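Please read all numbers here as calculations on a predicted model, not as lab measurements. Each residue takes its place number in the sequence, starting with 1.
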Amino acid sequence: MPATTQPDPSLLFLHLCIQNSDLNKIDFAAVGAATGLNIPAVRMRYSRLKKSLESSIVDGKVNLNVKSAENAAPASAEEQPDASPASPSSAQKKKNRVAKRKVVGKQEKVAVKQEH
């Protein structure tokens, strides 16, 4: 019976990489064929995934009880990152650009009127 929920896409990608390897070398062409990605994209995706996974391993150990780095609570207040404002969505960025153009356009009209 198929699972009702899909596993993490990164986990599926890693599983495909392992399936298409001889446990020493990954067949990136086979992974690309299975995922619909070109070979350089497969290599880059694997590289990024590997880097992300390796950053979770400290002194050869990993805490499997923690769901993810975002969900893990820092041990002390000193370890908490500084609060930074959330980055605006692409729609908000577009609104900001349009508003900025309007302001610049009005400033240019005022400058032209002042010259005459």
Given side chains that start at C-beta, do those of L23 and I18 come closer than 4.5 Å, heavy atoms only? yes
Is there side-chain contact between L14 and L53, with heavy atoms separated by less than 4.5 Å? yes
Value rounded to 0.5 Å, distance of NZ in K51 from OH in Y46: 14.5 Å
Is the backbone of K61 close enough, under 3.5 Å, to the side chain of D59 for a donor and an acceptor to pair up by distance? no
To the nearest 0.5 Å, what is the distance between CG on N20 and NZ on K25? 13.5 Å
Does any part of the side chain of L11, heavy atoms only, come nearer than 4.5 Å to the side chain of H15, both counted from C-beta? no
Mind checking the OG-CZ spacing from S10 to R48? Nearest 0.5 Å is all I need. 11.5 Å
S56 to V62 - nearest heavy-atom pair and separation: O-CG2, 3.8 Å
Roughly how far apart are L12 CG and Q19 CD, rounded to 0.5 Å? 10.0 Å
Would you call V42 and F13 a side-chain contact if the rule is heavy atoms closer than 4.5 Å? yes
Can you find a pair of side-chain heavy atoms, one from T35 and one from R45, that are under 4.5 Å apart? no
Straight-line distance of N38 CG to M44 CE, nearest 0.5 Å: 11.0 Å
